[in-house]
Amino acid sequence: MLEGAVVDTLAFADPPVGRDLPFEKQDLLRIVRADASGVVVSGAKTLCTGAPYADEIVVLTFPSSLGPLDARPKEQVVGFVLRPSTPGVSILCRQPLGGIPSLEGLDEIDAALIFDDVLIPPDRVLYAGEIETAKLCFQTVSTFDTQAFTRRLCVKYQALFGLGFLMADALGVRSLPAVWQVLADIGRHEATVRQLLQAAELQPAPAPLGEGVIADPLAVHLALQYAISHHAEALRSLELLGGQGLLLVPTQGDLAARETGPWVERFLKGPTLPAGPRARLMRLAAEIVGSRFASRQRLFEDYALGGLSAVTARLGRLFDPGAGVALIERFLGEDLT
Ligand SMILES: Cc1cc2nc3c(=O)[nH]c(=O)nc-3n(C[C@H](O)[C@H](O)[C@H](O)COP(=O)(O)OP(=O)(O)OC[C@H]3O[C@@H](n4cnc5c(N)ncnc54)[C@H](O)[C@@H]3O)c2cc1C
């Protein structure tokens with residue numbers, strides 16, 4: 001599928017080795033020395049998805065709960081583009097999640113990158129201690145990432161709503177008021193994210209570097225923050241809807257076996273579906289709401305853009321207090337800013 005394409009990935013997350021410690025005491029990626037031959041770095045970045053099969057890895061320093069970029073010692077502010085085969089780089093991959101037949105091939109491998117005195121040649125260095133450039137890279141990456149991430153979440157909500165609708169039919173419960181409430185909740189999330197995203201894309205703003213346009217940042221962040229904060233809730237609703245139907249899911253073997261097949265066909269079919277397609281639908285639902293794959297996906301939505309609190313803080317900074325401040329100032333009859 002990706003033949004001929006350049007696969008790149010981003011590594012900004014720092015190892016969780018004591019967020020409470022001062023920067024100097026944390027074993028973070030840092031510049032060991034810099035001269036005409038380039039910049040030598042040591043330390044680690046975690047977590048980087050796709051590192052083992054990427055052609056290029058963009059390594060950046062991001063603000064995080066560790067603190068803003070300005071708070072970091074300059075030797076910890078370093079950004080570069082790396083080939084995974086560069087001498088001194090090791091990639092520690094997690095085990096595949098496995099055991100999910102219908103999601104075979106969809107497990108993106110997460111990895112830690114270890115740097116042991118790695119020489120980054122000058123033409124691959126984005127910044128080495130220049131905090132303003134680091135901020136600009138962060139702003140650019142996060143600006144474009146946000147819209148793509150939100151669009152993906154929008155499609156995901158669409159799929160979750162479709163899944164809920166099909167599950168309700170397969171279980172023969174669609175007419176129950178409680179089930180309509182669940183479907184309405186998921187549908188509401190899908191429609192809200194879609195409408196906000198459409199509004200964002202209909203009001204383009206100049207891109208941060210002045211080239212091209214981006215979707216309206218406030219509307220995109222509203223869509224994103226809403227999508228992330230309701231994602232786990234939507235999955236929980238589907239889990240409740242599935243109920244016992246998610247637990248006793250017959251295999252193709254159960255269906256084919258002479259001893260069990262007739263019972264499965266009789267008691268584990270749906271009102272509208274034979275037992276086979278119903279089992280495949282419910283297995284997919286179980287994998288999406290309750291497997292290790294599902295747990296990774298939930299964490300991904302929560303943390304891939306830095307965490308809900310980081311996204312919410314970014315949203316907070318986009319609101320313009322001007323009109324409200326003017327009202328208060330007019331009421332009090334004084335200039336307060
Ligand atoms: C599946 C997945 C794939 C990812 N892929 C990449 C990638 O390719 N490249 C990349 O750079 N990053 C990636 N990330 C993001 C990265 O790994 C970090 O999780 C993310 O940037 C958050 O940063 P942090 O770990 O420094 O968290 P921090 O914000 O520093 O939080 C540190 C810890 O504090 C606690 N904490 C924080 N907020 C809360 C809360 N609201 N409630 C309870 N405890 C809390 C948690 O224990 C958390 O782990 C991925 C994350 C996931 C889950």
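This structure is a prediction, so every number in the text was calculated from the model and none was measured. Note that ligands are numbered from 1 as they come in the structure, with each ligand's atoms numbered from 1 the same way.
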List the atom pairs, with distances to 0.1 Å, where a side-chain N or O of residues 256-280 and a protein N or O form a donor-acceptor pair under 3.5 Å, not counting sequence neighbours.
from, atom 1, to, atom 2, distance (Å)
T260, OG1, D254, O, 2.7
R278, NE, A170, O, 3.4
R278, NH1, L268, O, 3.3

Is any heavy atom of the protein nearer than 4.0 Å to [atom]?
| atom | result |
| --- | --- |
| atom 34 (O) of ligand 1 | no |
| atom 29 (O) of ligand 1 | yes |
| atom 47 (O) of ligand 1 | no |
| atom 21 (O) of ligand 1 | yes |
| atom 43 (C) of ligand 1 | no |

- prompt: Does the side chain of K156 reach to within under 4.5 Å of the side chain of H231, using non-hydrogen atoms?
  reply: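 Yes, close enough: below the 4.5 Å cut-off.
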
[X] N/O under 3.5 Å from ligand 1 N/O:
| X | result |
| --- | --- |
| C48 | no |
| A304 | no |
| S309 | no |

- prompt: Does at least one non-hydrogen atom of A11 fall below 4.0 angstrom from an atom of ligand 1?
  reply: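 Judged by the 4.0 Å heavy-atom criterion, A11 does count as contacting ligand 1.
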
message: I'd like to know if L10 contacts ligand 1, where contact means a heavy-atom distance under 4.0 Å to any ligand atom.
response: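 Yes.
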
- prompt: How would you list, by chain and number, every residue that makes a side chain to side chain donor-acceptor pair (under 3.5 Å) with D70, sequence neighbours excluded?
  reply: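 K135.
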
- prompt: What do you reckon, are the aromatic ring centroids of F149 and F300 less than 6.0 Å apart?
  reply: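 Aromatic pair counts; centres sit under 6.0 Å.
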
task: Show your reasoning for whether ring pair (Phe, Tyr, Trp, His ring centres under 6.0 Å) applies to H230 and Y157.
output: CA-CA 10 Å; H230 290 87; Y157 271 107; 8.0 Å; no

field: Option of least heavy-atom distance to atom 51 (C) of ligand 1 (set: L60, V59, L47, L308)
entry: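 That would be L47.
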
Heavy-atom nearest option to atom 15 (C) of ligand 1, drawn from F62, F300, Y303: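 It is Y303 that holds the nearest heavy atom.
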
Do me a favour and list the nearest non-hydrogen protein atom to [atom] with residue, atom name and distance?
| atom | value |
| --- | --- |
| atom 8 (O) of ligand 1 | T49 N, 2.8 Å |
| atom 32 (C) of ligand 1 | R19 NE, 4.0 Å |
| atom 31 (O) of ligand 1 | S65 OG, 3.9 Å |
| atom 16 (C) of ligand 1 | A13 CB, 3.4 Å |
| atom 11 (O) of ligand 1 | F12 N, 2.7 Å |
| atom 23 (O) of ligand 1 | G306 O, 4.6 Å |

For the residue pair [Y] / [X], report whether a side-chain donor-acceptor contact shorter than 3.5 Å exists.
| X | Y | answer |
| --- | --- | --- |
| E201 | Q147 | yes |
| T49 | E108 | no |
| H189 | E233 | yes |

Could you check whether any side-chain N or O of [X] sits under 3.5 Å from a backbone N or O of [Y], counting only pairs where one atom can act as donor and the other as acceptor?
| X | Y | result |
| --- | --- | --- |
| E130 | A128 | yes |
| W180 | S175 | no |
| S42 | D117 | yes |

message: Quick check: closest heavy atoms across L153 and A227, and the distance to 0.1 Å?
response: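 Looking at all heavy atoms of both residues, the shortest contact is CD1-CB, 3.7 Å.
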
field: Under 4.0 Å to a heavy atom of L299 - the qualifying atoms of ligand 1, by number
entry: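 By the 4.0 Å cutoff, the relevant atoms are 53 (C).
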
